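Report on the following structure.
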Amino acid sequence: MMDQLGITALRPGPSGNENAPNHANYDESLANPIPNIPDPLTMNDGRKVTSANVWWAQRMPELVEAFSKYVFGRVPDSTPKVTWTVTAADHEMIGFTPVIAKDIVGDVDNSFYPAINVRIHMTLVTPSNAKGPVPVLMMFGRAGFPAPHEPSGEEFDQINAAWKALLVRQDPLLKEVFAQHPAWQPVKATPFQFPQLNEDGDPPNTWQLAAAGWGFVLFDPASVQADDGAGLTRGIIGLVNKGQPRKPEDWGALRAWAWGAGRGLDYLETDPAVDAKHVGIEGVSRFGKAALVTMAFDQRFAMVLVGSSGKGGATLLRRNFGEAVESLTGGEYYWMAGNFMKYGASQAAFGSMSPGDIPADSNELIALCAPRLTFISYGNPEKGDARWLDHEGSFMATVDAGRVFTLLGAKGLDVEGGYRTAKMPPVNEGHLGGQLAWRQHDGGHTDAPNMKWFLKWTDRFIGNAPPQ
Ligand code: GCU
């Protein structure tokens, strides 16, 4: 990619270790080397965007183009068809809520390049006592049955009889051992286990969702695209490129994960248990970035919970605080478009470029979610949600994006002043009054302590009432 772009050297990213001599900047007075951020409400030719019509017809497409070409890469004009199959359905308990869990596989048509196989994997869980279709939160992470339903007592007896017979066939002396311990059974039901509580002592996210009358999807991003650079010639990106390396404008992993989530939503639109008008997307850290990218580019998602996303997510690319653009153009270049590497180049055919040259910034990425429900979540640096993530820069971007929510008839953060002067609220004091929300909880690198706030906030806007 560096050859394709004519880059001979990249500026190294700072160290995440705060004691290292080359550690990242954590001095707020040095954090805004580029004082002005791009304005979501000014067109490329300088005209101001003053109506919703101009936003939808002209400005939004401009931003989609800028983020596609220079930042996250383009989804190819035609992507292969995905055929969804429910491979198994299980009746399970999520906490105290009976649910139906469906394991679902999306086979991506690879007839044009059979050497690469892509099978998208997700698990859809919906309350079985629901009166109608339910809102669903799609979450980036491991897919699979969350709480497999176990065999009955009689079935266990049958399994154990077969198991013992098999063991005796393997070692006839075991017959005597089993005879001496007639009540002992090799296979037992799993004993009741208390759930692992969230950092704030609440039940797990999945329990809260099910109890609130929501469904959820466990969506495996790695089944779409690997989380490493070597994987770029495989996965969906490699399949579409027939195993060849990317071109500078091709999509990176974040856009590929987002595309996969969109295909997952295609399936959800066909499932009668799901209220497809109210499907949200969630992720933490790199998957917080992926959740924001999903929401920004696919207007069908109704809500997003962006957990601790940092650079490439909610925080300003132009900020110099914690993780830098150079961190992304170096180690994690594969999350982004190849073109994005230019902004970390110190020596290249085009000279050098820096974050100030990026034609768009995260305030505009958040703005692309407007006027839909957008919750920017962080934890507490003191509890491990590292300063590396730049909470302040994310707050600034969120404040500024609010202007687009207002233009479209929704509400941004309720703050005094613009992004340069608005004061970030303390931990545990959220701005949850509008369709664009901000809350920093007092836990670590997770969004779990914000889940109950997210659910209450969303339910209010979509008119969902938890079952009695
Ligand atoms: C690193 C990386 C971040 C990323 C995080 C994660 O800290 O620099 O960009 O969000 O890992 O996903 O865990």
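What you are looking at is a predicted structure, and each value in this text was computed from that prediction instead of being measured. Read the numbers this way: they start at 1 and go in the same order the structure lists the ligands and their atoms.
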- Please identify each residue that fulfils side-chain hydrogen bond (donor to acceptor under 3.5 Å, both in side chains) with Ser394, with sequence neighbours left out.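 Ser394 satisfies side-chain hydrogen bond (donor to acceptor under 3.5 Å, both in side chains) with Tyr378 only.
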Pairs under 3.5 Å, N/O atoms on ligand 1 and on the protein: can you put them in a table with the distances?
{"residue": "ligand 1", "atom": "7 (O)", "partner": "Trp388", "partner atom": "NE1", "Å": "3.2"}
{"residue": "ligand 1", "atom": "8 (O)", "partner": "Glu323", "partner atom": "OE2", "Å": "2.7"}
{"residue": "ligand 1", "atom": "8 (O)", "partner": "Trp388", "partner atom": "NE1", "Å": "3.0"}
{"residue": "ligand 1", "atom": "9 (O)", "partner": "Lys289", "partner atom": "NZ", "Å": "2.8"}
{"residue": "ligand 1", "atom": "9 (O)", "partner": "Glu323", "partner atom": "OE1", "Å": "2.9"}
{"residue": "ligand 1", "atom": "9 (O)", "partner": "Glu323", "partner atom": "OE2", "Å": "2.8"}
{"residue": "ligand 1", "atom": "10 (O)", "partner": "Ser285", "partner atom": "OG", "Å": "3.1"}
{"residue": "ligand 1", "atom": "10 (O)", "partner": "Arg286", "partner atom": "N", "Å": "3.3"}
{"residue": "ligand 1", "atom": "10 (O)", "partner": "Lys289", "partner atom": "NZ", "Å": "3.3"}
{"residue": "ligand 1", "atom": "11 (O)", "partner": "Arg286", "partner atom": "NH2", "Å": "3.1"}
{"residue": "ligand 1", "atom": "12 (O)", "partner": "Ser285", "partner atom": "OG", "Å": "2.8"}
{"residue": "ligand 1", "atom": "12 (O)", "partner": "Arg286", "partner atom": "N", "Å": "2.9"}
{"residue": "ligand 1", "atom": "12 (O)", "partner": "Arg286", "partner atom": "NE", "Å": "2.5"}
{"residue": "ligand 1", "atom": "12 (O)", "partner": "Arg286", "partner atom": "NH2", "Å": "3.2"}
{"residue": "ligand 1", "atom": "13 (O)", "partner": "Ser285", "partner atom": "OG", "Å": "2.8"}

- Going by the angle between their ring planes, with limits at 30° and 60°, are Phe192 and Phe194 parallel, tilted or perpendicular?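 Ring orientation of Phe192 relative to Phe194: perpendicular.
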- Item | Intermediate values then yes/no, side-chain hydrogen bond (donor to acceptor under 3.5 Å, both in side chains), Asp385 and Ser308 | CA-CA 7 Å; Asp385 199 41; Ser308 300; 2.9 Å; yes
Taking distance alone, no hydrogens or angles, what donor-acceptor pairs closer than 3.5 Å link side-chain atoms of residues 347-359 to residues at least two apart or in another chain?
{"residue": "Gln347", "atom": "OE1", "partner": "Thr8", "partner atom": "OG1", "Å": "3.4"}
{"residue": "Asp357", "atom": "OD2", "partner": "Ser354", "partner atom": "N", "Å": "2.8"}

- Message: Do the side chains of Asp459 and Lys456 get close enough for a salt bridge, i.e. N-O under 4.0 angstrom?
- Response: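 Salt bridge flag = no for Lys456 with Asp459.
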- Item | Those residues that, when tested against Asp271, pass salt bridge (charged side-chain N to carboxylate O under 4.0 Å, His left out) (two or more places apart) |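 Applying salt bridge (charged side-chain N to carboxylate O under 4.0 Å, His left out) to Asp271 gives Lys102.
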